[in-house]
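Counting starts at 1 for both ligands and their atoms, following the listed order. Starting from 1, each residue takes its place in the sequence as its number. Given the structure is predicted, the values throughout are model-derived calculations rather than measurements.
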Amino acid sequence: METRLQRAAHLLDVPHLVVFTGAGMSKDSGLDTFRDADGVWSRNAPEDYASPEGFRRNPRAVWRWYLERREQILAAEPNAGHKAVAALEQLLPRVTVITQNIDGLHQRAGSRRVLELHGSVHRYKCSKNCRGVSTLTPTPELDQTEPLPCPYCGALTRPDVVWFGELLPVEVWKAAVREILACEAVLVIGTSGQVEPAASLVWYARGRGKSLVEINPAPTLINDIAEVVLPGTAAEMTPALLAALAALHAAD
Ligand code: NAD
Ligand code: ZN
């Protein structure tokens, strides 16, 4: 009898796979998720640290909060799950990662095609968006405990991440939709499926008949539409899935 892992491997053995990830992907690297009971929002109010209003009220506090998160992220390492996602590129012709994470751990693990829907803690931008999408790369000088002025207009700089009430970066969103439409299967890892519009990509995919496999240790909104749910963490289940896919190829 086919095991759940083997069935998942069959479904994902396609020319073009999308891997859609959320905060749970990086939990095994020691980075907290947002919405779980022990998550970031159990300690900090999202409206204070992740909204344009919060930044206007207290730019210094928000800047420092992100500096601290960035330091945690730089001290963290990609886990076995990120590495297995990167290794999928050795087995399948085209793999695109669409992530809600802002930590850059997929790229550090070696994934080559990564779309960051919610930006990155590793970049800053002008809080007035004076140059459209102008992005400032962090430098030792920018990494001060005070937000520095934008070199173009003098407004404060801020992390290049998407806050509550803000639009997703439009080119990244369009690219993500293109990938979802063009792929044959989606592997969802470590997302609660509650953050829109990101989560709707998974429903688009399913509505268009793409195969759907989910890895998550807890129930999610996506469980009901996934064809196979692998209940476990990213660091244990993703390598197991990779091994099942490799075994499938070896048997061919
Ligand atoms: P979420 O906090 O809403 O949900 C996290 C999900 O991860 C839950 O379903 C939980 O069951 C699952 N999970 C917990 N431990 C796991 C593990 N070890 N392996 C696999 N799954 C596990 O997160 P979300 O759905 O990604 O929505 C979150 C928003 O949070 C995004 O906008 C993202 O930008 C932001 N965020 C990013 C990071 C990061 O970059 N590392 C961290 C926290 C939050
Ligand atoms: Zn500016």
Could you count the protein N, O or S atoms found under 2.8 Å away from the Zn ion (ligand 2)?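 Total protein N/O/S atoms under 2.8 Å from the Zn ion (ligand 2): 4.
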Can [X] and [Y] be counted as an ion pair, charged N to O under 4.0 angstrom?
X: Arg69; Y: Asp103; result: no
X: Glu116; Y: Arg123; result: yes
X: Arg112; Y: Glu89; result: yes
X: Glu214; Y: Arg206; result: no

Subset of ligand 1 atoms that lie under 4.0 Å from at least one heavy atom of [X]:
X: Ser26; result: 41 (N)
X: Asp32; result: 42 (C), 43 (C)
X: Ala218; result: 11 (O)
X: Gly22; result: 26 (O)
X: Gly190; result: 5 (C), 6 (C), 7 (O), 20 (C), 21 (N)

Option whose closest heavy atom lies nearest to atom 15 (N) of ligand 1, chosen from His106, Lys27, Glu236: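 The nearest heavy atom belongs to Lys27.
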So, does Arg69 sit close enough to ligand 1 that a heavy atom of it is under 4.0 Å from the ligand?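 So Arg69 counts as touching ligand 1.
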Quick check: [X] and ligand 1, any N/O pair under 3.5 Å apart?
X: Met25; answer: no
X: Pro217; answer: no
X: Gly232; answer: no
X: His118; answer: yes
X: Asp103; answer: yes
X: Thr220; answer: no
X: Ala23; answer: yes

When you group the ILVMFWY residues by side-chain heavy-atom contacts below 4.5 Å and let the links chain together, are Val85 and Leu212 in the same group?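 In one cluster with Leu212: Val85, no.
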Are Thr99 and Phe20 side-chain neighbours, meaning at least one heavy-atom pair lies under 4.5 Å?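 When only atoms from C-beta onward are counted, Phe20 and Thr99 do not touch, as no gap falls below 4.5 Å.
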Check Ser192 against ligand 1 and report side chain, backbone, both or neither, counting heavy atoms closer than 4.0 Å.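 Ser192 to ligand 1: contacts from backbone and side chain alike.
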Below 4.0 Å, non-hydrogen atoms only: which portion of Val195 touches ligand 1? Side chain, backbone, both or neither.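 For Val195, the contact with ligand 1 is made by the side chain alone.
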Pairs touching residues 169-180 that satisfy side chain to side chain donor-acceptor pair (under 3.5 Å), sequence neighbours left out: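 Sorted pair list: His16-Glu179, Arg94-Glu179, Thr96-Glu179.
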Phe55 ring center near Trp163 ring center (under 6.0 Å):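 Ring centres of Trp163 and Phe55 closer than 6.0 Å.
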Is there a donor-acceptor contact under 3.5 Å from the side chain of Arg108 to the main chain of Ser111?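 Side chain of Arg108 to backbone of Ser111: no pair is present.
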